[in-house]
2 protein chains.
Amino acid sequence: MAQSHTKATSHTCAVCHVGRRSDWHDLDETSLAVLERGRRRRELGSGEVVFAQGERNDGVYCVSGGTVGIRRLDSNGNSVLLELAYPGDTVGYRSFLTDSEHKTSAEALGPSIVCHIDHATVTALLAANPALGLRFLKRSIGALEDAHDTMFRQATFSNRHKLVHLLLVLVGRHGHRLVNGSQSIELPVSRRDLASMVGTRHETISRIIGRLETDGIAHFSGRQVMIPNVEALAAELDCLASA
Amino acid sequence: MAQSHTKATSHTCAVCHVGRRSDWHDLDETSLAVLERGRRRRELGSGEVVFAQGERNDGVYCVSGGTVGIRRLDSNGNSVLLELAYPGDTVGYRSFLTDSEHKTSAEALGPSIVCHIDHATVTALLAANPALGLRFLKRSIGALEDAHDTMFRQATFSNRHKLVHLLLVLVGRHGHRLVNGSQSIELPVSRRDLASMVGTRHETISRIIGRLETDGIAHFSGRQVMIPNVEALAAELDCLASA
DNA sequence: AAACGTCGTTGATGATCGTCAATTTTGCTC
DNA sequence: GAGCAAAATTGACGATCATCAACGACGTTT
């Protein structure tokens, strides 16, 4: 809307994620110029780190392609995948706004593209565009409500139900409808990460997957999942809401 | 600092929570006057509801005394206590900022005092005081990081460790040091709420408490808890960090 | 005082899970 | 393609948990 021309050089933020509306679309022309100068595009391979837990903040990152995982680690080697970020999402804004070190790590869960916007640039953009701060505020509130949802499920769902719910969420993001109406996904995460998201061990996830297989609800082959009937999967959760 | 006089009428926000710094301390004189007009103090008995899940937002609430629980319910009667709010904390700001219905309920966990600040007043104060928006932003980021901590513990701690951790947090908020160095607390929550915070059933909490008793680590009598040696309690968690 | 509901505790039992270990599979490097 | 390391699966076993049920304690109501 505001940015009518800008000679689509294919990699300016103004024309990026047209459909998805990133946090940077509302900027005025001069701010867009500032953004273009302070921004650096990075292509990441699977597993590459965007920022690491404990590092000082050096700006924020806008996800432009692929999937980015937000992870927390401890000194024992435990790892929990807390959030998934997709194109249009901004990550690293929390430690920026609190001017502190990153409380989580972010890593590409597959080939991904992120744009780094350096610290000084974000500071300048925030000063000139109050709406940008509002976007971050909405983002953190949304993330908090997601976290509350997760905490509620952790306390009330069985592990099987938690895995089914997670599969349904991933289908919404990564699923492809096949001709016969069934769904096919390539999971963006390992079994270990699945386990950490469900709150159990990877061996247990293996066994629950085995039971889903024998029940005919889903068929797993590595990270490929075939779901013949998504409604049947969703029905597993409905019995909780109605009973 | 800014408000030097204001004739301490004992119940103005400017002189409330002097030590704890509420979100409303930074307001200028004229905004403080607006706040005083749009604010209504409420004294709540144990269990009384501040706002209910699903209601539309009608402003925010500043906790002035006691303890307020933030709770999520579902249609099956399941209830999970997600957060605790203490004097100086503001609650209800999330649905205010997203202009939506409350996603959680808030209730007094004991005799409490909250000040209701009506919707129009908060809107006016936010427009005149950008710093107030920042306070809410910091608050939501802090709550999100707490939620991430909880999610991490849910995935990596045993139920016993989760309960021990929760006890240590509650000791920090509600504990009193006795002459012999031991700590005494009155729990602000029921066993059922303890269970929901740990992510298990109340019967299991009962049994874990029983084991803590026989281990001599803590002594429970209703909501009164005696902890002879807080370090011994904390040591339960240390073995996780070092091992 | 009696009746009632909620909360908390305790017991018994079957189901589920965590752990250790062995093995297979997968993905990557050389 | 061979070789390697990490991931994933499977089995066995003990530990823990969810569930159902019974019971006592407590506060409120009638």
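Note that this is a predicted model, so its numbers are computed, not measured. Lettering of chains follows the sequences in order, A, B, ..., and the numbering in each one begins at 1. Just so it is clear, the values below take in all heavy atoms, side chains as well, and ignore hydrogens, waters and symmetry mates.
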| So does B:Arg139 pair up with B:Asp89, basic N to acidic O under 4.0 Å? | yes
| message | Heavy atoms only, 4.0 Å cut-off, all strands: where does A:Arg211 land among base, sugar-phosphate and nothing? | response | sugar-phosphate
| note | A:Lys162 atom NZ is separated from D:dC17 atom P, nearest whole Å, by 13 Å
| said: Determine whether a donor-acceptor pair (N or O, by modelled atom type, separation under 3.5 Å) exists between the side chain of B:Ser184 and the backbone of B:His176. | reply: no
Identify each atom pair where a protein N or O and an N or O of nucleotides 22-30 of chain D are less than 3.5 Å apart, giving names and distance.
none

| request: Using distance alone, with no hydrogens and no angle criterion, decide if B:Thr156 and A:Asn78 have a side-chain donor and acceptor under 3.5 Å apart. | output: no
| said: Using 0.5 Å steps for rounding, measure from the NE2 atom of B:His202 to the OG atom of B:Ser190. | reply: 10.0 Å
| request: Verify, without hydrogens or angle tests, whether A:Asn57 (side chain) and A:Gly92 (backbone) share a donor-acceptor contact under 3.5 angstrom. | output: yes
| task | Verify the contact: side-chain N or O of B:Asn159 to OP1 or OP2 of D:dT16, cut-off strictly under 4.0 Å; return yes or no. | result | no
| said: Rounding to an integer number of Å, can you tell me how far A:Leu194 CG sits from D:dA7 P? | reply: 14 Å
Donor-acceptor contacts, no H, no angles, side chain residues 100-114 of chain B, under 3.5 Å, sequence neighbours left out:
residue	atom	partner	partner atom	Å
B:Ser100	OG	B:Thr98	OG1	2.8
B:Ser100	OG	B:Lys103	NZ	3.1
B:His102	ND1	B:Ser95	OG	2.9
B:Lys103	NZ	B:Glu101	O	3.4
B:Ser105	OG	B:Gln53	N	2.8
B:Glu107	OE1	B:Arg71	NE	3.0
B:Glu107	OE2	B:Arg71	NH2	3.1
B:Ser112	OG	B:Thr67	N	3.3
B:Ser112	OG	B:Thr67	O	3.3
B:Ser112	OG	B:Gly110	O	2.7

| task | Identify the 5'-most and 3'-most nucleotides of DNA chain C with at least one atom closer than 4.0 Å to a non-hydrogen atom of chain A. | result | C:dC17 to C:dC20
| query | Using the C1' atoms of the five pairs at each end, what is the angle between the end axes of the helix from C:dA1-D:dT30 to C:dC30-D:dG1, to 10°? | reply | 50°
| said: In terms of relative ring orientation, are B:Tyr93 and B:Phe136 parallel, tilted or perpendicular, with 30° and 60° separating the classes? | reply: parallel
| note | In short, salt bridge (charged side-chain N to carboxylate O under 4.0 Å, His left out) pairs touching residues 196-221 of chain A with sequence neighbours left out are A:Arg160-A:Asp215
| field | Spacing of A:His161 atom NE2 relative to D:dA18 atom P, expressed in whole Å | value | 15 Å
| task | Find which nucleotide of DNA chain D each of B:Ile208 and A:Ser190 is nearest to by heavy atoms, and output the residue with the more 5' nucleotide. | result | A:Ser190
| field | Closest non-hydrogen atom pair between B:Leu81 and B:Ser196, with its separation | value | N-OG, 3.1 Å
| query | Angle class for the B:Phe96/B:His119 ring planes (parallel below 30°, perpendicular above 60°, tilted otherwise)? | reply | tilted
| request: Would you confirm whether B:Glu48, through its side chain, and B:Gly45, through its main-chain N or O, come within 3.5 Å as a donor-acceptor pair? | output: yes
| message | Strictly distance-based, threshold 3.5 Å: is any side-chain N or O of A:Ser158 a donor or acceptor partner for the main-chain N or O of A:His161? | response | yes
Protein-nucleotides 9-11 of chain D N/O pairs closer than 3.5 Å?
residue	atom	partner	partner atom	Å
D:dT9	OP1	A:Arg191	NH1	2.6
D:dT9	OP2	A:Arg191	NH1	3.4
D:dT9	OP2	A:Ser206	OG	2.4
D:dT9	O5'	A:Ser206	OG	3.2
D:dG11	N7	A:Arg207	NH1	3.2
D:dG11	O6	A:Arg207	NH2	3.2

| field | Sidechain-backbone polar pair: B:His116 side chain, B:Asp58 backbone, donor-acceptor under 3.5 Å | value | yes
